[in-house]
> 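This is the structure, below, for whatever I ask next.
Source: prediction; values computed, not measured.
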Amino acid sequence: MRSRNASPSPESPPKSTVQQDTTPLKRPVLVAAVLVFSSLVVSLMQSLMLPIQSDLPRLLNTSADNASWVITSTLLGSAVAMPIAGKLADMYGKKPVLVATSAILLVGSLLCALFDQLSLVLIGRVLQGVAMGYLPVAMSFVRQVLPKPMVNSTMAAVSASLGVGGALGVPISAWIAQQFNWHILFWITAVLATAMLALAVAALPHIRTSASGRIDVVGSIILVIGLVSFLVGISKGGTWGWSSVPTVTLIVFGLVVLPLWGLYELRLDNPLVDLRTTVKKPVLLTNLAALLIGFGLMGHNVVIPQLLQLPTETGLGMGQTIMQAGLWLAPGAMMMLVLAPVSSRLLTRFGAKSALGIGAVVLTLGYGSATLFMDAPWQLMIASAIASAGVGIGYAAMPTLIMENVPAHEAGSAVGVNALMRSLGSTVAAAVMTGVMTSNLVTTGGIMAPARDAFTLSFIVGAVAALGAVLFVLLVPRGADSAAAADSPSGAEEGQDADRELVSV
């Protein structure tokens with residue numbers, strides 16, 4: 001086995017042969033705007049199909065169980081893509097991966113826009129999920145290429161787009177689906193993907209990368225098998241039954257494969273994910289906090305819409321349509337974007353660790369307020385806005401805290417793992433919250449629905465998860481969010497300065 005410091009093998013990808021350009025980055029505001037816009041577009045893929053989920057069996061001429069894969073497939077595609085896209089960006093440069101993921105989104109959108117066959121739509125939705133690999137690469141790219149005064153504000157905006165896109169996608173998609181043919185949803189995303197692709201090619205600079213080696217194909221396959229097994233079991237447990245053979249088998253199989261994948265990665269000189277870095281205390285604790293904050297984001301996105309949409313005959317529901325429910329949640333989504341400058345100021349003044357802790361505390365307050373005020377849509381809107389503000393602040397801080405504690409040449413894959421942890425948290429939250437609400441059903445006015453106590457318990461579970469994130473942040477070593485450690489090239493300064501060699505495309 002070669003030493004980690006050994007020279008690249010002959011099979012390593014060749015270094016860039018393009019002409020080096022050491023001039024300062026031109027049009028940094030345009031670069032920042034492209035990254036934020038594109039991140040928002042790919043985030044829309046999370047919720048694009050939710051408003052028409054109940055109509056999918058009819059639209060695709062299939063069973064309800066088969067149609068549900070249209071939603072699940074995007075989740076699987078994004079979970080698998082995030083760490084792999086980050087690794088590819090570390091090896092070959094971030095611009096090529098950003099261009100490739102934009103093209104993948106375009107192809108996936110066109111497949112869904114042109115066809116009604118379930119198999120082709122599923123392929124398209126998987127590709128749309130894979131395109132979410134854009135997000136972690138964009139986050140690491142922000143720190144690598146933009147001038148220091150712009151880094152925190154742009155990082156906050158890119159991070160916030162993950163929540164904003166997911167929340168705004170529901171009312172926008174509901175309105176479009178109600179007014180037009182459902183394929184229009186995908187023609188619109190195809191147009192947006194075309195804009196992403198053109199902007200990525202024309203506006204983003206190419207950066208010389210010092211990393212070498214080959215992509216770990218075997219490790220990638222094992223990771224895909226483990227993640228897909230676990231996530232399918234979690235996401236389908238409510239439909240198949242939590243004690244059913246398929247559910248238990250998939251979850252257990254995933255939990256067995258993933259540790260084996262970790263052991264395999266530890267034996268490699270150039271692993272897909274350097275687990276020695278991810279188990280460093282600041283990185284590990286940040287990823288655990290990401291898991292719980294991701295839980296917090298999805299938790300209130302599952303519970304509050306159900307409460308809003310329950311018929312008024314239940315004595316608890318508010319009789320809102322799915323579009324109306326989405327509009328009540330929209331201010332919370334916009335709060336994440338509006339607070340991006342606040343998140344930036346917190347990062348600059350107090351550091352990433354403190355900002356992450358503040359975000360987790362605010363998220364806790366959001367869930368706490370929901371337990372007390374859930375009698376009117378405006379009350380739930382306020383609770384959602386508070387929780388979303390906490391998620392926005394936390395999401396802005398996490399990639400910064402990660403990148404300040406990993407070597408610069410591993411920034412993309414490290415941020416990809418962090419994004420994966422958020423996604424895992426959201427998936428688990430959807431299953432847990434659904435399970436909590438269906439565990440206490442009552443019949444009122446001839447309608448069976450969750451009892452008030454079930455909703456209250458759901459909000460308490462969310463608050464406990466957010467408090468867990470606060471605890472993990474408190475355990476992050478003091479000074480972990482300051483500039484880099486002495487063991488180069490881990491530091492933020494090195495990561496930003498050493499990689500600022502712009503090369504012409």
> Report the relative orientation of the aromatic rings in Y367 and F459; use parallel for angles under 30°, tilted for 30 to 60°, perpendicular for over 60°.
tilted
> Could you check whether T74 and R125, counting side-chain N and O atoms only, form a donor-acceptor pair closer than 3.5 Å?
yes
> Can you find a side-chain donor-acceptor pair between D453 and T456 that sits under 3.5 Å?
no
> Does CZ in F253 sit with more than 12 non-hydrogen atoms of other residues, nucleotides or ligands closer than 6.0 Å?
no
> Mind checking side-chain contact (heavy atoms from CB on, under 4.5 Å) for P341 and listing every partner two or more places apart, or none if nothing turns up?
none
> Report the C-alpha separation of S423 and S426 in whole Å, then their side-chain angles, then the decisive distance to 0.1 Å, and conclude whether the side-chain hydrogen bond (donor to acceptor under 3.5 Å, both in side chains) test is met.
CA-CA 5 Å; S423 179; S426 295; over 6 Å; no
> Taking side-chain contact (heavy atoms from CB on, under 4.5 Å) as the criterion, tell me which of V41, L105, V42 meets it with Y134.
V42
> Indicate yes or no for a side-chain donor-acceptor contact from S73 to the backbone of V70 under 3.5 Å, with no hydrogens or angles considered.
yes
> For W378, look at atom CH2 and say whether over 12 heavy atoms of other residues, nucleotides or ligands are found less than 6.0 Å away.
no
> Could you tell me whether a side-chain N or O of S235 sits under 3.5 Å from a main-chain N or O of T72, the two making a donor and an acceptor?
no
> Quick one: does any side-chain atom of T434 pair with a main-chain N or O of A431 as donor and acceptor, under 3.5 Å?
no
> Treating S344 as the side-chain partner and S153 as the backbone partner, does any N or O pair qualify as donor plus acceptor under 3.5 Å?
yes
> Does the pair S109 and T189 meet the rule for a side-chain hydrogen bond (donor to acceptor under 3.5 Å, both in side chains), with working shown?
CA-CA 6 Å; S109 299; T189 60; 3.0 Å; yes
> With sequence neighbours excluded, tell me which residues meet side-chain contact (heavy atoms from CB on, under 4.5 Å) with L420.
A79, P83, L227, L424
> Any side-chain donor paired with an acceptor under 3.5 Å for Q309 and T321?
no
> Going by distance alone, is a donor N or O of one side chain under 3.5 Å from an acceptor N or O of the other, for N418 and N287?
yes
> Check whether W69 forms a cation-pi arrangement with K236 (NZ or CZ under 6.0 Å from the six-membered ring centre, at most 45° off the ring normal).
yes
> Kindly say whether G366 contributes a backbone atom to a donor-acceptor pair with the side chain of S369 at under 3.5 angstrom?
yes
> Any sub-3.5 Å donor-acceptor pair from T247's side-chain atoms to S243's backbone N or O?
no
> Is the side chain of S78 donor-acceptor paired with the backbone N or O of M132 at a distance under 3.5 Å, no angle test?
no
> For residues V36 and V158, report the shortest heavy-atom separation together with the two atoms involved.
CG2-CG2, 3.9 Å
> Using only atom types and a distance under 3.5 Å, with no angle test, would you say the side chain of Q320 pairs donor to acceptor with the backbone of M318?
yes
> Decide, yes or no, whether a salt bridge links K353 with E404 under the criterion of side-chain N to carboxylate O below 4.0 Å.
no
> Crowded around N61 CG? As in, over 12 foreign heavy atoms under 6.0 Å?
no
> Have a look at L135 and tell me which of S39, S38, S159 forms a side-chain contact (heavy atoms from CB on, under 4.5 Å) with it.
S39
